[in-house]
2 protein chains.
Amino acid sequence: MHLSTNSMTIGTLAKTCDVSAPTIRYYEKIALLPLANRNASDQRRYTASDVERLTFIRRCRDFGFSIEQSRDLVALSNSTTRGCSHSRDLAAERVTEIRAKVSELKALEKSLKSLVQKCETTCIDGTGNDCASFRDMRMPA
Amino acid sequence: MHLSTNSMTIGTLAKTCDVSAPTIRYYEKIALLPLANRNASDQRRYTASDVERLTFIRRCRDFGFSIEQSRDLVALSNSTTRGCSHSRDLAAERVTEIRAKVSELKALEKSLKSLVQKCETTCIDGTGNDCASFRDMRMPA
DNA sequence: TGTACGGGTTAAAGTAACTTTAAGGGCAAG
DNA sequence: CTTGCCCTTAAAGTTACTTTAACCCGTACA
């Protein structure tokens, strides 16, 4: 596999940035990535700047930003005239959301653990109908 | 609103169990709920046992079980012959998944916070291109 | 009596963010 | 020369619903 940084195949770009080739085509279709250059056989060829852009997008997605938010962030990160304070604010918002999600999940973990606990202490050999956990889960608010 | 527990409308069931009416119809379509009884005007009518079943499903979903897992759990919870150990195991698995998700999110929170931090200390008034955070995010692995 | 309102009904399309499938072309190695 | 891997496209599938369009029904009010 020849990986001259100046004309990577989609497969190479995919491996380099750790996304799938269909996802790259999908990103192109929704214009998150620009239309790729093509070689004589009409195959997409990519360069180092594509690696950078896709890596940036991948990071955004890893950070939990939506496609549309990632699109904004790409635009902001390429802007020479606008500051990055908007991006900073977006990131700060994400931090808040993530904190909320973490507490939510912790509460959920606790509930589930007590469900398991109850199941273990009250109905190890019982039937579903007798299971205390199930009984409680069928009770409306 | 007459809410004789013996013939609730879909709207009443929805409110009681805190799910939307379209969702109830959807659950019926995918056979997570049985075909509802109809009144003379062909409208769905529900009873207390429907409230129990839907509440149970709602709980499963709140616990983060997929529709298919919830379907299993409903079947298990209604079984008179099979124990609930399988459900207990499913719940225990969820706990593990949730723990992993929590650590993941915490790590993410940390990264994002340092991103915000960097942005604040190095480029409050800079352009996107100069922003240290952006620069780093474009660097492949 | 008429009509406006707040329910209910259906099927179908939209959503996010891809993944999977089908059906095919190109090219290098064995 | 054929096997195998990579590439191409468009379209359908996925999850768990939500939204929309177009309609029916019973009742409360003027």
Side-chain angles (χ1 to χ4, degrees), chain A residues 1-4 7-33 35-47 50 53-54 56-74 94 97 101 108, chain B residues 1-4 7-33 35-47 50 53-74 94 97 101:
Chain A
M1 204 201 290
H2 238 314
L3 37 116
S4 147
S7 68
M8 303 172 123
T9 65
I10 197 172
T12 306
L13 178 67
K15 259 169 218 146
T16 307
C17 300
D18 196 31
V19 295
S20 74
T23 296
I24 294 174
R25 295 196 192 96
Y26 168 70
Y27 282 172
E28 182 179 308
K29 196 161 90 182
I30 63 171
L32 186 53
L33 289 177
L35 287 172
N37 290 324
R38 302 301 185 111
N39 73 356
S41 310
D42 208 35
Q43 294 190 349
R44 290 171 181 81
R45 286 301 132 105
Y46 297 93
T47 67
D50 292 309
R53 187 179 173 117
L54 185 50
F56 182 84
I57 292 167
R58 183 77 245 256
R59 291 279 153 74
C60 292
R61 301 290 295 118
D62 283 348
F63 280 153
F65 291 106
S66 73
I67 293 270
E68 291 313 313
Q69 286 176 324
S70 301
R71 197 193 294 279
D72 281 2
L73 291 170
V74 171
R94 271 299 290 158
E97 283 169 28
K101 192 77 192 164
L108 178 54
Chain B
M1 203 201 293
H2 237 312
L3 36 117
S4 147
S7 68
M8 303 174 126
T9 65
I10 197 172
T12 306
L13 178 66
K15 259 166 219 151
T16 307
C17 301
D18 196 31
V19 297
S20 74
T23 296
I24 293 174
R25 297 196 191 97
Y26 168 71
Y27 283 171
E28 182 180 309
K29 197 162 91 182
I30 64 172
L32 185 54
L33 290 177
L35 286 173
N37 291 323
R38 302 300 186 113
N39 74 354
S41 309
D42 209 34
Q43 295 191 347
R44 291 171 180 82
R45 288 300 131 107
Y46 298 93
T47 68
D50 292 310
R53 187 180 174 118
L54 184 51
T55 300
F56 183 84
I57 292 167
R58 184 78 246 255
R59 291 278 152 74
C60 292
R61 303 288 297 118
D62 282 349
F63 280 153
F65 291 107
S66 73
I67 293 271
E68 290 316 312
Q69 286 175 325
S70 302
R71 196 192 296 278
D72 282 1
L73 291 170
V74 171
R94 271 298 290 158
E97 282 169 28
K101 193 74 192 168

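So that the names make sense, note that chain A is the first sequence line, chain B the second, and so on, each numbered from 1.
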Would you give the length of the straight line joining atom OG of S66(A) to atom CG of L73(A), rounded to the nearest 0.5 angstrom?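 Atom-to-atom, S66(A):OG and L73(A):CG are 9.0 Å apart.
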Just how far, in rounded Å, is [atom2] of [N] from [atom1] of [X]?
{"X": "I57(B)", "N": "dC17(D)", "atom1": "CD1", "atom2": "C1'", "answer": "14 Å"}
{"X": "N39(B)", "N": "dG26(D)", "atom1": "CG", "atom2": "P", "answer": "9 Å"}
{"X": "K29(B)", "N": "dA11(C)", "atom1": "NZ", "atom2": "P", "answer": "7 Å"}
{"X": "R45(B)", "N": "dC25(D)", "atom1": "CZ", "atom2": "C1'", "answer": "11 Å"}
{"X": "Q69(B)", "N": "dT15(D)", "atom1": "CD", "atom2": "C1'", "answer": "13 Å"}
{"X": "L13(B)", "N": "dG7(C)", "atom1": "CG", "atom2": "P", "answer": "15 Å"}
{"X": "D62(B)", "N": "dA16(D)", "atom1": "CG", "atom2": "C1'", "answer": "14 Å"}
{"X": "Q43(A)", "N": "dC7(D)", "atom1": "CD", "atom2": "C1'", "answer": "4 Å"}

Contacts of type side-chain contact (heavy atoms from CB on, under 4.5 Å), residue S70(A), not counting sequence neighbours: C60(A), R61(A), F65(A)
Using the side-chain contact (heavy atoms from CB on, under 4.5 Å) criterion, which residues pair with N39(B)? Sequence neighbours excluded. S41(B), Q43(B), R45(B)
Show me, pair by pair, the donor-acceptor contacts under 3.5 angstrom made by side chains of residues 16-28 of chain B, not counting sequence neighbours?
from	atom 1	to	atom 2	distance (Å)
T16(B)	OG1	T12(B)	O	2.7
S20(B)	OG	T23(B)	N	3.1
S20(B)	OG	T23(B)	OG1	2.7
E28(B)	OE1	A36(B)	N	3.4
E28(B)	OE1	R44(B)	NE	3.0

List the residues meeting salt bridge (Lys or Arg N to Asp or Glu O under 4.0 Å) with R59(A), not counting sequence neighbours, and say none if there are none. none
Salt bridge (Lys or Arg N to Asp or Glu O under 4.0 Å) against D62(B), all qualifying residues, sequence neighbours excluded: R58(B)
Starting from the C-alpha separation in whole Å, work towards a yes-or-no answer on side chain to side chain contact (heavy atoms under 4.5 Å, CB included) for I30(B) and R71(B). CA-CA 10 Å; I30(B) 64 172; R71(B) 196 192 296 278; 4.2 Å; yes
Could you tell me whether I30(B) contacts a base, only the sugar-phosphate backbone, or nothing, with contacts defined as non-hydrogen atoms closer than 4.0 Å?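 Counting heavy atoms under 4.0 Å across all strands, no contact is made by I30(B).
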Base, sugar-phosphate, or nothing for R25(A), non-hydrogen atoms under 4.0 angstrom? base
Is the shortest side-chain N/O distance from [X] to OP1 or OP2 of [N] below 4.0 Å?
{"X": "T9(B)", "N": "dG8(C)", "value": "yes"}
{"X": "R44(A)", "N": "dT8(D)", "value": "yes"}
{"X": "R58(B)", "N": "dA16(D)", "value": "no"}

A correct 5'-to-3' footprint of nucleotides 15-21 of chain C, with B, S and - meaning base, sugar-phosphate only and no protein heavy atom under 4.0 Å, is --BBSB-
Need to verify one output field. Residue with the more 5' nearest nucleotide on DNA chain C, D42(B) or S41(A)?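 Its nearest nucleotide lies further toward 5', so the answer is D42(B).
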